[in-house]
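Report on the structure given below.
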Amino acid sequence: MIRIIAFDADDTLWHNESLFVLSQEKFRNLLLAYQSPDWIDRKLFETEIRNLQHFGYGIKGFTLSMIETAVELSEGRISGREIGMLLDLCKEMLSAPVELLDGVASTIRALAKRHTLILITKGDLFDQESKLARSGLGDCFSHVDVVSEKTSATYQTVISRHGIQPNELLMVGNSMKSDVLPALAAGALAVHIPYHVTWAHEEATAPPESGYTKLEHISSLEQVVQSLEQSKAKSFQIRN
Ligand SMILES: [Mg+2]
């Protein structure tokens with residue numbers, strides 16, 4: 001039986017990457033006087049990845065990386081006013097309305113009636129808690145884990161903290177790299193629901209027969225949970 005259904009938050013429950021794409025477009029426009037668009041995108045991505053070890057995931061780290069890239073690409077000529085614009089962009093992102101993906105509210109509310117739901121997300125604690133509160137779904141989740149990375153060890157920790165067997169956890173998320181592959185490696189079940197844009201850092205290809213379920217849309221999730229439970233019950237009967 002599935003005892004806990006864990007959800008990723010960004011781009012699984014609510015739109016997120018699209019916000020970063022829009023902000024990056026504004027950033028690019030600000031720096032066009034100094035460098036070409038491709039060069040700006042490449043430098044920003046390199047800076048973000050290099051800075052993950054210092055700032056972790058999330059909007060604040062992204063903003064510091066934008067500022068660092070701007071200083072570097074303009075060879076120090078970026079003005080205080082322009083840095084101020086990047087900080088304004090950061091605040092705009094932090095206070096942007098939380099837009100749930102289609103079908104999320106009804107699916108989460110329905111699943112919460114019969115299952116324990118938890119949230120496992122990367123990013124900034126303050127920002128993620130604020131988004132969950134603003135999403136109106138806070139009461140559906142019994143626990144929120146904001147983690148610095150999603151590795152198989154992260155999922156093992158969640159599994160042992162909740163005192164369940166690995167295959168009693170179902171992880172649902174949009175990232176093959178963070179939500180699906182490490183959860184499977186920890187022995188959990190996984191459902192992949194791709195979002196229409198993926199940050200390059202989250203891209204990964206699943207090896208063949210990795211044993212996860214891929215869904216186009218979250219509204220089919222209830223049905224998938226039911227059939228996963230039925231097939232588990234069947235294999236339990238066969239074994240016994
Ligand atoms: Mg995500």
Side-chain angles (χ1 to χ4, degrees), residues 4-24 45 48-49 51-52 55-63 65 93-94 96-105 107-108 111 117-138 140-141 143-155 157-158 169-186 188-206 210 212-221 224-225:
I4 293 179
I5 306 177
F7 286 86
D8 165 57
D10 292 338
D11 300 325
T12 297
L13 301 182
W14 48 68
H15 294 279
N16 175 69
E17 186 56 26
S18 41
L19 189 65
F20 279 81
V21 170
L22 275 177
S23 298
Q24 188 161 337
F45 182 67
E48 279 184 87
I49 301 303
N51 282 340
L52 281 178
F55 310 140
Y57 294 87
I59 293 170
K60 292 179 210 164
F62 174 66
T63 306
S65 292
M93 289 177 82
L94 287 169
V98 176
E99 277 183 65
L100 293 180
L101 271 69
D102 276 352
V104 161
T107 304
I108 295 293
L111 285 170
L117 308 187
I118 65 171
L119 207 63
I120 308 178
T121 173
K122 291 190 290 195
D124 181 67
L125 178 65
F126 180 77
D127 185 35
Q128 294 296 26
E129 284 186 338
S130 152
K131 281 195 282 190
L132 181 62
R134 284 181 284 148
S135 74
L137 294 175
C140 297
F141 291 91
H143 189 83
V144 179
D145 270 312
V146 181
V147 297
S148 52
E149 277 294 349
K150 286 175 172 173
T151 61
S152 66
T154 312
Y155 292 101
T157 307
V158 170
L169 174 72
L170 171 65
M171 178 66 197
V172 182
N174 73 296
S175 170
M176 180 56 72
K177 184 179 170 189
S178 297
D179 304 320
V180 176
L181 297 179
L184 292 174
L189 308 169
V191 170
H192 184 215
I193 313 177
Y195 186 68
H196 65 92
V197 266
T198 304
W199 182 33
H201 183 63
E202 293 293 340
E203 277 167 4
T205 313
S210 0
Y212 66 95
T213 308
K214 184 176 174 176
L215 286 187
E216 286 299 317
H217 199 273
I218 198 166
S219 50
S220 337
L221 185 61
V224 168
V225 169

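Indexing begins at 1, ligand by ligand and atom by atom, following the structure's order.
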D8 backbone or side-chain N/O/S under 2.8 Å from the Mg ion (ligand 1): yes
D10 N/O/S atom closer than 2.8 Å to the Mg ion (ligand 1): yes
Side chains of Y195 and S175: does their closest heavy-atom pair fall under 4.5 Å? no
Between OG1 of T213 and CD1 of I193, what distance do you get to the nearest 0.5 Å? 10.0 Å
Short N/O/S contact of Y195 with the Mg ion (ligand 1) (below 2.8 Å): no
Nearest 0.5 angstrom please: L111 CG to I5 CD1, how far? 4.5 Å
In this structure, OG of S135 is separated from CG of L119 (nearest 0.5 Å) by 8.5 Å
